[in-house]
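A, B, ... follow the sequence lines: proteins, then strands. Residue 1 opens every chain.
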2 protein chains.
Amino acid sequence: MTSMRKKSAADLPLQLGNQLCFAVYSTAHAFNRVYKPLLDRLGLTYPQYLVMLVLWERDGLSVKEIGERLFLDSGTLTPLLKRMEALHFIRRTRSAEDERQVIVTLTAQGAGLRDKARSIVPPAILDATGCSLAELADLHGKLVRLREHLNAAVEG
Amino acid sequence: MTSMRKKSAADLPLQLGNQLCFAVYSTAHAFNRVYKPLLDRLGLTYPQYLVMLVLWERDGLSVKEIGERLFLDSGTLTPLLKRMEALHFIRRTRSAEDERQVIVTLTAQGAGLRDKARSIVPPAILDATGCSLAELADLHGKLVRLREHLNAAVEG
DNA sequence: CACAATTGAATTGTGAACAATATAATTGTT
DNA sequence: AACAATTATATTGTTCACAATTCAATTGTG
């Protein structure tokens, strides 16, 4: 009967990790579904929007630097950036100092999208969360700490 | 100069929604990277592992019922379940009472994987989070509430 | 200077995720 | 019973996400 285990009280804490991961996973999808109709009005997907947020903050970053900020690698970013270039939101140019690097810069259209994005997205998101600012800040801080623990665990 | 806005203090609360969403999104990826080497030893991907968790809890569910528990639709689940069937973890059979439904049942191999999964996954996850049980429970509860708000916002 | 090691992007292949559409079975209505 | 609406699954096409590999440019070392 050794393999005929029933639910035991000792399993409950162990299941918490699984449950938390699923909560994160499914909340990410829920967020995506909220963002989608908003970002459709800008012609962006959510990962593309993240790239725009990064570039609006600091233009002219390399693919590597964008990847560091978003925790994404070139296998994800290269095709994504090519699509954004085809949509005329950004330009990709080889760096003159270091020919290995590709520098990503906003086009006028991409830079101009910022104000429209700012007026559409954040208010709707804030509303959809149904959270107070204090709750949002609390959750944000705890998730960042958790993410750092997880990333550290993968390294070590 | 109307479009030459600078960072204003009023933007900070508005950016919290964006920041929270990115924290959720990037934490989901971080979790995935922690799970991957563990699930590789079981021959499962994370979404496949979620299906197994659901079936270990209650075998013989329809595709629809699995989708309700995981917030996924048939466009995602059908190919995923076909891959799991090809790996002999599950079987897919049309229901006799309602020929529209496909009932998913564990194979002996799939059912047998449970104990191995239980010994490998939860302890490693718990460790990687670096959180106390109280912190995990707190975060889990808050994320579930947030997810429900977001899902409600998409419906209405 | 030569050349091995490293770095930054790109490429290839697999597996999600989801919108939109299609198809077949079931249910509801008259 | 006929047939319109609904339901459950499957299919198609697009976009991530990432491991593994490739390739060219740069850096480090003798």
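- We find that CD1 of B/Ile103 is positioned 14 Å from C1' of D/dT7, with the value rounded to whole Å.
- A straight line from CG of A/Leu81 to C1' of C/dA10 spans 12 Å, rounded to a whole angstrom.
- Whole-Å rounding puts the B/Glu85 CD to D/dT9 P distance at 14 Å.
- Taking the side chain of B/Lys36 as heavy atoms from C-beta on, and the options D/dA19, C/dA9, D/dC16, the nearest nucleotide is D/dA19.
- Atom CG in B/Leu77 sits about 10 Å away from atom C1' in C/dA17, given to the nearest Å.
- Checked against D/dT15, D/dT11, C/dA10, the side chain of A/Thr45 finds its nearest nucleotide in D/dT15.
- Remark: side-chain polar atoms of A/Asp73 are paired, donor with acceptor, to backbone N or O of A/Thr76 under 3.5 angstrom.
- Distances shorter than 4.0 Å separate none of the side-chain N or O atoms of B/Arg94 from OP1 or OP2 on D/dA8.
- Closest approach to the A/Lys82 side chain among C/dT11, C/dA10, D/dA10 is made by C/dT11 (side chain taken as heavy atoms from C-beta onward).
- Of the candidate nucleotides D/dA10, C/dT11, D/dA8, D/dA8 has the atom lying nearest to any side-chain atom of B/Gln101.
- Checking the phosphate oxygens (OP1, OP2) of C/dG15, no side-chain nitrogen or oxygen of B/Tyr46 falls inside 4.0 Å.
- Side-chain N or O atoms of B/Ser62 include none that pairs as donor or acceptor with a backbone N or O of B/Val102 at under 3.5 Å.
- Formation of a donor-acceptor pair under 3.5 Å by the B/Thr78 side chain with backbone atoms of B/Gly75 is not found in this model.
- You'll find that the side chain of B/Thr76 is closest to C/dC18, out of C/dA9, C/dC18, D/dA25.
- Across the protein-nucleic acid pair, B/Ile66 atom CD1 and D/dA8 atom P stand 14 Å apart, rounded to whole Å.
- Pairing partner, D/dG30: C/dC1, with both Watson-Crick or wobble hydrogen-bond distances short of 3.5 Å.
- Look at CZ on B/Arg83: it is 17 Å from P on C/dG13, rounded to the nearest Å.
- Taking atom CZ of residue B/Phe71 and atom P of nucleotide C/dA19, one finds them 15 Å apart after rounding to whole Å.
- Considering only side-chain atoms of B/Gln48, the nucleotide from C/dG8, C/dA10, C/dA16 that sits closest is C/dA16.
- Within 4.0 Å (heavy atoms only), A/Glu97 reaches sugar-phosphate atoms of the nucleic acid but no base atom.
- Between A/Asp73 atom CG and C/dT11 atom P there is a gap of 14 Å when expressed in whole angstrom units.
- Counting distance only, with no hydrogens placed and no angle test, the side-chain atoms of B/Ser74 and the base atoms of D/dA10 include a donor-acceptor pair under 3.5 Å.
- For A/Arg100, the side-chain atoms get nearest to D/dA25 when compared with the rest of C/dA17, D/dA25, C/dA10.
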